[in-house]
Amino acid sequence: MTDSLFSVAGQVVWVSGGSRGIGRAIAAGFVKRGAQVIITSRDADSLAKTAGELQGGKPVQTHVCDVAAPEQIRETAAALWEQYGPIDTLVNVAGVNRRKAALDVTEEDFDFVVDINLKGAFLLSQEVGRRMVARQSGAQINIASLNTDRPLKNVAPYALSKAAMGQMTRSLAMEWGPHQVRVNGIAPGFILTDLTEKLWSDPAMREWGLANTPQRRLGLPEDMVGAAIFLASPASAFMTGQTLYVDGGFTAGWSWPIPE
Ligand code: NAI
């Protein structure tokens, strides 16, 4: 007997920010489990390269969509529906960060981060949600952050964008629940990707990260796949408005240097 509880086979899945890092790993996870995956980001070449590398299932499709450009969101949503039919699951991954002290943040820094991480994520959710609500079916997964819960120092625009994403997840879940559209989030812990590689190559950072993560390792993009499949599948049918912390236990409690 094949258990369909966690099945995403046959779903059409849109991964925004799917060319590398966490988005790429999640896309690969869906491909492997029989979904038709479309990855989008700003750059056609890197999308094509990633799509070519993600083998083992239905060929991955690509489309350029800069989430900081609302007209591209509208155009992409319409084009994908036309080409691939209804999107069953949207994974909202596209995100950026600029690390600096709050007093040094320029208006341009603020707009850059918030336009992508929050405004872009919202407009994308809305554009896809509009169609999911009309169809009375769909799942959306927002990639949040540890900053959704509490801010890390020196990333104020990022932290406030990710905190707002937590509330966006709840707000949309409230509004779209009656229409059978579920909206949940995944908050990754410290994950080694292009976005964070330089940060974690600093020995002091690494030591702190490991000391404060009960599972004593940094995460890999692949660690996000299980939660994403769960949130897209019938296994989470009665779950909406929640953000799952996939963080090796980082947010479970406080580490302190008490002798063991
Ligand atoms: P990454 O930099 O490796 O990948 C980001 C992806 O978003 C790329 O595909 C990039 O092309 C795309 N992207 C960036 N700006 C875009 C735009 N304007 N329009 C469309 N696509 C755009 O980053 P990573 O580490 O994989 O992060 C992915 C998401 O996970 C982000 O939302 C990030 O905030 C979040 N996250 C990452 C953590 C980490 O430790 N790496 C921890 C918690 C959350």
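Atoms within a ligand are numbered from 1 in the order they appear, just like the ligands themselves. We're numbering straight along the sequence, starting at 1.
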>> Is the positively charged end of Arg182 above the ring of Trp176, judged by distance under 6.0 angstrom from the centroid and angle within 45° of the axis?
In response: no
> Could you state the interatomic distance from CG (Leu218) to CD1 (Ile191), rounded to the nearest 0.5 Å?
Replying inline: 8.0 Å
>> Which residues pass the side-chain hydrogen bond (donor to acceptor under 3.5 Å, both in side chains) test with Arg20, not counting sequence neighbours?
In response: none
> Parallel, tilted or perpendicular: which describes the rings of Trp208 and Trp200, with under 30° parallel and over 60° perpendicular?
Replying inline: parallel
> Quick one: does NZ or CZ of Arg98 land under 6.0 Å from the six-membered ring centre of Phe112, within 45 degrees of the ring axis?
Replying inline: yes
>> Between the side chains of Arg217 and Asp223, is the shortest nitrogen-to-carboxylate-oxygen separation below 4.0 Å, so that they form an ion pair?
In response: yes
Note every protein N or O atom lying under 3.5 Å from an N or O atom of ligand 1, pairing the names and giving the distance.
residue: ligand 1; atom: 2 (O); partner: Arg20; partner atom: NE; Å: 3.2
residue: ligand 1; atom: 2 (O); partner: Arg20; partner atom: NH2; Å: 2.6
residue: ligand 1; atom: 3 (O); partner: Arg20; partner atom: NE; Å: 3.0
residue: ligand 1; atom: 9 (O); partner: Gly17; partner atom: O; Å: 3.3
residue: ligand 1; atom: 9 (O); partner: Ser19; partner atom: N; Å: 3.4
residue: ligand 1; atom: 9 (O); partner: Ser19; partner atom: OG; Å: 2.8
residue: ligand 1; atom: 11 (O); partner: Ser19; partner atom: OG; Å: 3.4
residue: ligand 1; atom: 15 (N); partner: Arg42; partner atom: NE; Å: 3.4
residue: ligand 1; atom: 15 (N); partner: Arg42; partner atom: NH2; Å: 3.3
residue: ligand 1; atom: 18 (N); partner: Asp66; partner atom: OD1; Å: 2.8
residue: ligand 1; atom: 19 (N); partner: Val67; partner atom: N; Å: 3.0
residue: ligand 1; atom: 25 (O); partner: Thr193; partner atom: OG1; Å: 2.4
residue: ligand 1; atom: 26 (O); partner: Ile22; partner atom: N; Å: 2.8
residue: ligand 1; atom: 32 (O); partner: Val93; partner atom: O; Å: 2.7
residue: ligand 1; atom: 32 (O); partner: Lys162; partner atom: NZ; Å: 2.9
residue: ligand 1; atom: 34 (O); partner: Tyr158; partner atom: OH; Å: 2.6
residue: ligand 1; atom: 34 (O); partner: Lys162; partner atom: NZ; Å: 3.2
residue: ligand 1; atom: 40 (O); partner: Ile191; partner atom: N; Å: 2.9
residue: ligand 1; atom: 40 (O); partner: Ile191; partner atom: O; Å: 3.1
residue: ligand 1; atom: 41 (N); partner: Ile191; partner atom: O; Å: 3.2
residue: ligand 1; atom: 41 (N); partner: Thr193; partner atom: OG1; Å: 3.3

